[in-house]
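When reading the values below, keep in mind they use all heavy atoms of this one structure, side chains included, and skip hydrogens, waters and symmetry mates. Letters A, B, ... are given to chains in the order of the sequence lines, protein chains preceding strands, and every chain is numbered from 1.
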Amino acid sequence: MPELPEVETVCRGLRPLVGARITAAAAHRADLRAPLPRNLGKRLTGRAITGITRRAKYILVALDGGETLLLHLGMSGRMTLSHDNAPLQKHDHISLATDNGFFVRFNDPRRFGYCDLVATDKLSNHKLLRGLGIEPLSKDFTPDALAAILKNRNTSIKAALLDQKHVVGIGNIYACEALFRAGINPSRPAHKITRAEIAALAAAIRDVLRAAIKAGGSTLRDYVQADGELGYFQHNFAVYGRAGLPCPGCTCDVTKTGGIKRIAQNGRSSFYCATKQK
DNA sequence: CTTTCGTCCTGACTGC
DNA sequence: TGCAGTCAGGACGAAA
């Protein structure tokens, strides 16, 4: 479930490719969430990789010749980097080789992922990028900015945080974690969050994302590991996936409170501590 | 305009 | 052991 920190970590793990040239490339099926670009392998072969950056949950691989490879990991997408040209594995959909000795695979069992090859100067107009909201780790993400987003929004705070039109990069896990850190119940209407809570929430979002990136970065020192997989690491979640377990830092008796609560919101599970999140 | 809901997909897991 | 059912979730696009 790659959210902003995982995508950021994948980007950093792919950094050894910057400056390299693609010597071979191939797509192994015609579509993921959307059709793959036609002749993708041919169009990538021979191109130099000039930069790798992230926008929201998208990976942007800048190429010479004025094009950018736009990737999204969807729900189950993984990138692996290896020095061995191992046989294709199940669900390996795109593969690349570079002139500095790397073999890259995009693997995605559920095929919610996305890949497009677009003109770099038109990237910001791409239909999947143009509607995106503020980067939560940018200086633009202030309490004022978050207040403007939540004002007049007649949905739950949890749903508002997940909506990429407003703030990008937050998925189900970090929405739950940030709301826990800020002490806000996920069911609260977005427009009823107080000014003080908004400031706490903005800080909580930044902190939880930064901490996760830091945890991911620590796994990247040896970026070509046994399996070469990038961007997934041990998480310590306070509430996510912990229904019925004690809330960290809570002194309540779990046998009385039932521990972390789990509810469904917009078809997704939300986890929270009813004692700490009001 | 805003908001919700259905859809895509496979693998892990549960219960019979 | 097998099989059906459920759940997980990012984001688009349709519907309300």
Side-chain angles (χ1 to χ4, degrees), chain A residues 1-11 27-36 54-60 70-80 88-94 105-116 118 125-136 147-179 186-193 205 209 212 227 229 231-232 235 237 239-244 260-272:
Chain A
M1 48 211 93
E3 304 182 24
L4 185 153
E6 291 78 20
V7 178
E8 179 65 31
T9 305
V10 170
C11 286
H28 308 296
R29 60 173 299 119
D31 54 64
L32 296 175
R33 192 174 88 212
L36 293 171
R54 179 191 59 75
R55 168 72 173 121
K57 298 174 192 169
Y58 291 88
I59 300 167
L60 280 54
L70 178 61
L71 297 169
H72 194 291
L73 300 174
M75 167 53 197
S76 57
R78 288 150 196 269
M79 303 289 295
T80 58
L88 281 185
Q89 304 217 341
K90 197 175 184 184
H91 309 306
D92 276 348
H93 304 312
I94 299 169
R105 299 278 169 81
F106 180 101
N107 182 288
D108 183 10
R110 292 182 208 175
R111 308 209 301 267
F112 283 17
Y114 180 84
C115 172
D116 201 2
V118 299
N125 287 327
H126 190 278
K127 65 172 184 167
L128 297 185
L129 298 184
R130 69 180 166 221
L132 292 172
I134 301 180
E135 285 287 337
I149 286 165
L150 300 181
K151 191 182 173 190
N152 299 329
R153 193 118 284 135
N154 194 26
T155 187
S156 70
I157 183 62
K158 165 88 182 307
L161 292 182
L162 289 178
D163 191 335
Q164 306 292 303
K165 289 195 301 288
H166 310 313
V167 184
V168 301
I170 303 171
N172 202 42
I173 294 172
Y174 294 106
C176 292
E177 295 295 309
L179 288 167
S187 299
R188 291 263 302 282
H191 68 273
K192 287 191 177 171
I193 308 298
I205 289 167
L209 295 177
D227 60 359
E229 183 173 314
Y232 294 83
H235 295 276
F237 299 131
V239 289
Y240 184 81
R242 291 175 49 82
I260 302 293
K261 297 277 184 293
R262 170 182 166 170
I263 59 170
Q265 287 183 282
N266 306 90
R268 305 269 158 79
S269 288
S270 294
F271 299 88
Y272 68 102

Within the structure provided, determine whether A:E3 and A:P5 are in side-chain contact (heavy-atom separation under 4.5 Å). yes

Examine B:dG11: is either OP1 or OP2 under 4.0 Å from a nitrogen or oxygen in the side chain of A:H91? Give yes or no. yes

Touch class at under 4.0 angstrom, heavy-atom based, for A:R111 against every strand present: sugar-phosphate

Quick one: side chain to side chain donor-acceptor pair (under 3.5 Å) partners of A:N154, sequence neighbours excluded? none

Rounded off to whole Å, could you give me the CG-to-P distance for the A:L162 and C:dC12 pair? 13 Å

Below 4.0 angstrom from OP1 or OP2 of C:dA8, is there any side-chain N or O of A:S269? yes

Taking atom types as they are modelled, is there a donor-acceptor pair under 3.5 Å from the base of C:dA8 to the side chain of A:R110? yes

Which residues in residues 148-156 of chain A have at least one heavy atom lying under 4.0 Å from any atom of DNA chain B? A:R153, A:N154, A:T155

May I ask you to decide if the ring planes of A:H93 and A:F106 are parallel, tilted or perpendicular, using 30° and 60° as cut-offs? tilted

Pi stacking test for A:F112 and C:dA11: under 5.5 Å apart, planes under 30°: no

Please name the pair of heavy atoms, one in A:C176 and one in A:S270, separated by the smallest distance, quoted to 0.1 Å. SG-CA, 3.9 Å

Is any side-chain N or O of A:H72 closer than 4.0 Å to OP1 or OP2 of C:dA11? yes

Would you say A:K165 places a side-chain N or O within less than 4.0 Å of OP1 or OP2 belonging to B:dT2? no

Could you state the atom-to-atom distance from CG of A:N266 to C1' of B:dT2 in whole Å? 13 Å

A:E6 with A:K57: basic N within carboxylate O range, under 4.0 Å: no

Could you pick out which residue, A:G267 or A:I170, lies toward the 5' side of DNA chain C when each is mapped onto its nearest nucleotide? A:G267

Applied to residues 168-177 of chain A, the salt bridge (Lys or Arg N to Asp or Glu O under 4.0 Å) test, sequence neighbours excluded, yields none

Comparing A:R33 and A:K90 on DNA chain B - which has the more 5′ nearest nucleotide: A:R33

